[in-house]
Amino acid sequence: MIDPRVASGLRDLPPAQAVPRERMLKVLREVFGRFGFLPIETPHIERVEVLTGKGAGSDEVLRQIFDVTNKGGTAGELALRFDLTVPLARFIAKHVEQLGTPFKRYAIGSVFRGERPAKGRFREFTQCDFDTVGSESVVSDAETAQVIHDSLQAMGVPSFVIAINNRRILDGLLETFGVESRKAAVLRSLDKLAKVGREAVLAGLHRGEAEGGAGLAETQAEGVLRFVESGRGGLEVLDAVQGTLGSNPSAAAGLENLRAVLGLLAAAGVPEGRVVVDLGLARGLDYYTGIVFETTVTGWERFGSIASGGRYDNLASLFTTRRLPGVGASIGLDRLLALLEEAGWLGGSISTAPVLVAQFPGTELSVVFSAAARLRTAGVGAELFPEPIAIGKQMGYGSTRGHRFGLIIGPDEATAGVFNLRDLKTRQERKGLPLADLEAIVASALNEPA
RNA sequence: GUGGCUGUAGCGUAGCGGUUAACGCACCAGAUUGUGGAUCUGGGGAUCGCGGGUUCAAAUCCCGUCAGCCACCCCA
């Protein structure tokens, strides 16, 4: 016997998970489409050179990448994509002349990372990316947050917060303290504030670079931290920063951007409190240059971000000399589903056909087979039970699968040209309905509230 | 990739050196051969993750390995 297990970090999805997942994908496509984003597809496998940025790729990427080898091919040439942004960069570089800008696309698909799996963290997971390439407008910045908001809302996530910040404010901060050269290490430390607390962050900032710290003097570390700590909230946070960093051109630009974004989102009717400024939000990815986003579900912060992204100055610089700024985000569908499932918010019927047509022992098979076919033709999902077993068993099957109605045609009904329609929830049964009006009767019954 | 915790029927657990591994839920059958989630009765299902070692004897101790979880790292 071969052990039917799957490898670490990979999983099977039974209908109870696959059905809600399909529904969410449908919702996401609708929302993306409503904003004018168009779908694209790129291969799951890319050339390693593309993924790693020709050797210039970070160690982190190299560590997480899955190699793919085909017999006869060149070893180490191909690998599985680890996100959808790098493939987008390659895609846009190749096709921008035909597509023109601004170009808004969405892409939904599996990505692969050779990480150590944990809760809500897998080695294959689906990303739902949307990006606007070729515009530096604040419209796109605000729209990105709005799409995140509308998506989560439409998927039925009860309560969430989209944190925003602007890298340029942080740039200004670092310039002011004269520590631009330590940017990456400083941001990495600050990003952890909510998680590890102020003392740990302070220690990280102060610790020497050799030990993985940022190597800041104590006054610098304290100052930088104090600044970040001052800010999580709405416009008042921006006003406060205006006073301390407003004279720095970079910070001023960042502040103006966030102010405009908050204004537009309010104008679009995004509820107050759904989007908050968080000056400590940095995001590890070093290609972000402007606004950044990170979204958590209220009460489930330990699952980490379920939707995040940001603005980048020049997405495709590895692939073309043409400068292509853009902004976008990615919704982590699998993490969100894992969260909703654990929170018990997934519920609902998993049946995709509302009517279960029973196969009554003794009834001519063609009678029920054609009844099911007629319903489907009329656009009503109908499942014919495949075995002529005890009728109660069949009703039980329909009930546990979440079918709304059981349709019963016994030998007596068949002779009389009628059918019975049983509500599987209330156990109420309407009997002797004319078979000639099958479609109309069932359709109208389905329109009644459950 | 580093460190730690865990691994017993589909799921959740008990047993933690000594006869045929226990319980709940789920599943199947019957009471109920034209009507399902209750009750009762009966039943199937586990080489105790896998491999090796210690011992007269291992689910139980040791080592390795795989998987899950936690922290670091990173991120959806």
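Only this structure's heavy atoms are used, side chains among them; waters, hydrogens and symmetry mates stay out. Numbered from 1 within each chain, the chains take letters A, B, ... in sequence-line order. Everything quoted here is computed from the prediction, not taken from an experiment.
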So [X], base contact, sugar-phosphate only, or nothing? Heavy-atom distance under 4.0 Å.
X      : value
A:I408 : base
A:F303 : nothing
A:T126 : nothing
A:A358 : nothing
A:D412 : base
A:F360 : base
A:L333 : nothing

Reading RNA chain B from 5' onward, which residue's closest nucleotide shows up sooner: A:P411 or A:K393? A:K393
A:G120 vs A:G396, nearer the 5' end of RNA chain B by closest nucleotide: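 This one resolves to A:G396.
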With the side chain of A:Q127 defined as its heavy atoms from C-beta on, choose the nearest nucleotide among B:U35, B:U2, B:A76. B:A76
Among B:G34, B:G37, B:A76, which is the nearest nucleotide to the side chain of A:R427? B:G37
Integer angstrom distance from the [atom1] of [N] to that of [M]:
N     : M     : atom1 : value
B:C23 : B:C72 : P     : 43 Å
B:C61 : B:A29 : P     : 41 Å
B:A9  : B:U13 : C1'   : 12 Å
B:A26 : B:C11 : P     : 16 Å
B:U54 : B:U60 : C1'   : 13 Å
B:G45 : B:C27 : C1'   : 9 Å
B:A57 : B:U41 : P     : 42 Å
B:U47 : B:U8  : C1'   : 13 Å

No-H, no-angle donor-acceptor pair, [X] side chain to [N] base, under 3.5 Å:
X      : N     : answer
A:E124 : B:A76 : no
A:R335 : B:C75 : yes
A:E413 : B:G34 : yes
A:Q394 : B:U35 : no

Under 6.0 Å from the ring centre and within 45 degrees of the ring axis: does the NZ or CZ of A:R11 meet both conditions for the six-membered ring of A:F122?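 Yes.
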Within the 6.0 Å centroid threshold, strictly below: [X] and [Y]:
X      : Y      : answer
A:Y106 : A:F37  : no
A:Y397 : A:F385 : yes
A:H149 : A:F160 : yes

Donor + acceptor pair across side chains of A:R311, A:S140 (<3.5 Å):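 Side-chain D/A pair, A:R311 to A:S140: absent.
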Donor-acceptor side-chain pairing of A:D278 and A:N165 below 3.5 angstrom: no
Length of the [atom1]-[atom2] vector between [X] and [N], whole Å:
X      : N     : atom1 : atom2 : value
A:F293 : B:A76 : CZ    : C1'   : 16 Å
A:R422 : B:U35 : CZ    : C1'   : 5 Å
A:I409 : B:U35 : CD1   : C1'   : 15 Å
A:Q428 : B:U35 : CD    : C1'   : 14 Å
A:E387 : B:U35 : CD    : C1'   : 18 Å
A:F160 : B:A76 : CZ    : C1'   : 16 Å
A:L421 : B:U35 : CG    : C1'   : 14 Å
A:L340 : B:A76 : CG    : C1'   : 14 Å

Do [X] and [Y] sit within salt-bridge range, that is, some charged N less than 4.0 Å from a carboxylate O?
X      : Y      : result
A:E439 : A:R374 : yes
A:D131 : A:K104 : no
A:E46  : A:R90  : yes
A:K425 : A:E448 : no
A:R21  : A:D334 : yes

Under the criterion of centre distance below 5.5 Å and interplanar angle below 30°, is A:F125 classified as stacked on the base of B:A76? yes
Represent RNA chain B in dot-bracket notation, 5' to 3'. Only Watson-Crick or G-U wobble pairs with both distances under 3.5 Å count; pseudoknot-style crossings use [ ] and interstrand partners use |. ((((((((.[[[[.)..(...]]]].(((((.......))))).....[[[[[..)....]]]]])))))))....
Atom pair OG1/CD1 of A:T295 and A:I162 - distance to nearest 0.5 Å: 5.0 Å
Short heteroatom pairs, N/O only, protein and nucleotides 63-68 of chain B, under 3.5 Å:
from: B:C66; atom 1: O2'; to: A:R5; atom 2: NH1; distance (Å): 3.2
from: B:A67; atom 1: OP1; to: A:S8; atom 2: N; distance (Å): 3.3
from: B:G68; atom 1: OP1; to: A:G9; atom 2: N; distance (Å): 2.6
from: B:G68; atom 1: OP2; to: A:S8; atom 2: OG; distance (Å): 2.6

Please tell me if A:S305 has a side-chain N or O lying less than 4.0 Å from either OP1 or OP2 of B:C75. no
